[in-house]
Amino acid sequence: MSEGALPFLPYGRQTIEDDDVAAVAAALRADFLTTGPTVEAFETAFKRRVGAGHAIAVANGTATLHLAMLALGVGQDDVCIVPSVTFLATANCARYVGAEVVFADVDPASGLMTPDTLAEALKRAGDRRVRAVLPVHLRGDVCDLPALRDLAAGAGAVLVEDAPHALGSVAAFDGTPHPVGDGAFSSFASFSFHPVKTLATGEGGMLTTNDAALAARARSLRSHGMVRPAGAEPWWYEMPELGFNYRIPDVLCALGISQLAKLDRFVARRRALTALYADKLAALAPTVRLATSPAWSDPALHLLTVLIDFEAAGTTRRAVVEALKAHGVGSQVHYIPVHRQPYYQARYGALDLPGADAWYARCLTLPLYPGMEDGDVDRVVEALAGALGL
Ligand SMILES: Cc1ncc(COP(=O)(O)O)c(C=O)c1O
């Protein structure tokens with residue numbers, strides 16, 4: 001069969017259906033293109049879905065993290081602890097407010113920050129003031145939030161969950177299921193609706209929290225720091241502190257509401273595809289293994305990441321990526337450890353984070369999105385087996 005005739009399978013892709021398009025078209029014909037009633041409607045639907053007290057819709061996931069730092073009052077002379085295996089934004093948000101980053105190592109089998117790697121990072125922070133710890137629910141698997149929360153609290157810090165990969169994931173730490181974003185263990189949880197994520201609005205993000213004061217602060221900082229005091233003249237607004245324009249338009253929130261209504265279906269399909277992958281990939285062990293899920297985590301995987309022993313297979317990641325591409329299969333690396341980025345190396349020097357380096361040496365993300373057919377999983381696994389000579 002000519003592989004060239006088959007559609008290319010990217011590592012991630014949005015699922016936009018006719019009713020999503022209709023929802024956007026209706027919003028375009030309505031009165032507000034920017035901040036109108038659809039923003040609040042999206043926030044209400046989202047907070048109900050994840051079980052949080054408050055949700056604040058924001059322009060993108062990076063702005064969402066920046067707002068969390070601002071609302072918490074993190075600033076110069078403060079330290080934030082960030083796992084090195086994450087997207088740049090998790091660390092950058094600390095730098096936006098002048099705080100320093102201490103990178104935590106990760107478990108090389110799951111890619112997650114653990115209580116041990118956090119404890120070690122806290123030691124390296126020394127007597128500096130640690131204000132926030134930002135666990136990343138990498139791929140969709142949930143970090144050990146109760147233990148991380150307790151360790152952070154012992155150091156006087158709070159958790160800000162960077163959760164764009166984990167919308168729809170659930171964790172049962174104490175037998176009670178916690179949807180990611182319910183705010184049971186953290187001050188804020190942050191989501192992104194970038195197209196490869198589980199829910200897409202193009203650009204977009206959401207902060208959730210159970211703290212009314214933090215929610216109000218994030219809300220005013222989202223729009224220049226403006227507040228409208230109760231009882232003031234109808235035109236009156238005040239700016240007690242400096243904020244930003246991090247608003248998300250009504251049009252994108254209309255798409256968000258339409259997508260959110262399908263979240264159960266998207267999650268079910270992601271789980272079914274993940275189970276198929278687990279079944280098919282078993283034949284490629286031990287050279288290829290799925291990243292491991294902690295016992296408490298019931299993930300709605302955003303990324304299907306495998307760990308490959310390229311050396312044992314007598315090849316390189318580059319050769320495998322190129323061979324997959326030649327067979328119409330996209331792949332990606334999540335992530336280059338952030339502590340290895342030139343900006344952070346120049347600032348903090350060389351760091352030894354063996355878990356992050358071991359993860360990076362082996363990780364490769366394969367296609368996973370609701371629009372994939374069951375047969376696409378066979379195609380990906382066959383292409384991978386061929387690329388590895390298995
Ligand atoms: C872990 C993580 N944090 C933060 C972000 C930033 O989100 P956005 O691209 O919406 O700014 C992303 C998305 O790429 C992400 O994957």
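These figures come from a predicted structure and were not determined experimentally. One-based numbering, in listed order, for ligands and for the atoms of each.
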- Message: If I take atom CG from residue L384 and atom CZ from residue R379, how far apart are they, to the nearest 0.5 angstrom?
- Response: 13.5 Å

- Query: With a 4.0 Å cut-off on heavy atoms, is P164 touching ligand 1?
  - Reply: yes

- Note on the structure: heavy-atom search around atom 6 (C) of ligand 1 in the protein gives T62 OG1, 3.5 Å

- Message: Could you work out, with side-chain hydrogen bond (donor to acceptor under 3.5 Å, both in side chains) as the rule, every residue matching T64, not counting sequence neighbours?
- Response: none

- Note on the structure: heavy-atom search around atom 16 (O) of ligand 1 in the protein gives H165 NE2, 2.9 Å

- Is any side-chain N of the basic residue among E311 and R317 closer than 4.0 Å to the acidic one's carboxylate O? no

- Task: Could you tell me the residue and atom name of the protein heavy atom closest to atom 5 (C) of ligand 1, and the distance to it rounded to 0.1 Å?
- Result: F87 CD2, 3.8 Å

- Using 4.0 Å as the upper bound for N to carboxylate O, is an ion pair formed by D19 and K262? yes

- Quick one: do R228 and E233 make a salt bridge, cutoff under 4.0 Å? no

- Ranked by distance from atom 1 (C) of ligand 1, the top protein heavy atom is D162 OD2, 3.4 Å

- Message: Checking D107 against T114 for the side chain to side chain donor-acceptor pair (under 3.5 Å) test, could you report, in this order, the C-alpha distance in whole Å, the side-chain angles of both residues, the deciding distance, and whether it holds?
- Response: CA-CA 7 Å; D107 166 26; T114 67; over 6 Å; no

- Task: For H334 and ligand 1, answer yes if some heavy atom of the residue is under 4.0 Å from a ligand atom, otherwise no.
- Result: no

- Message: If I apply the N/O under 3.5 Å rule, does G61 come out as touching ligand 1?
- Response: yes

- Query: In terms of side-chain geometry, is the basic nitrogen of D378 or K280 positioned less than 4.0 Å from the acidic oxygen of its partner?
  - Reply: yes

- Message: At under 4.0 Å between heavy atoms, is it the side chain or the backbone of Y335 that contacts ligand 1, or both, or neither?
- Response: side chain

- residues 204-217 vs salt bridge (Lys or Arg N to Asp or Glu O under 4.0 Å), sequence neighbours excluded, gives R217-E241

- Message: Heavy atoms only, cut-off 4.0 Å: how does T86 contact ligand 1, side chain, backbone, both, or neither?
- Response: side chain

- Item | Closest approach of any protein heavy atom to atom 13 (C) of ligand 1, naming residue and atom | K197 NZ, 3.0 Å

- Nearest to atom 7 (O) of ligand 1 by heavy atom, P195, S190, G205, S192: which? S192

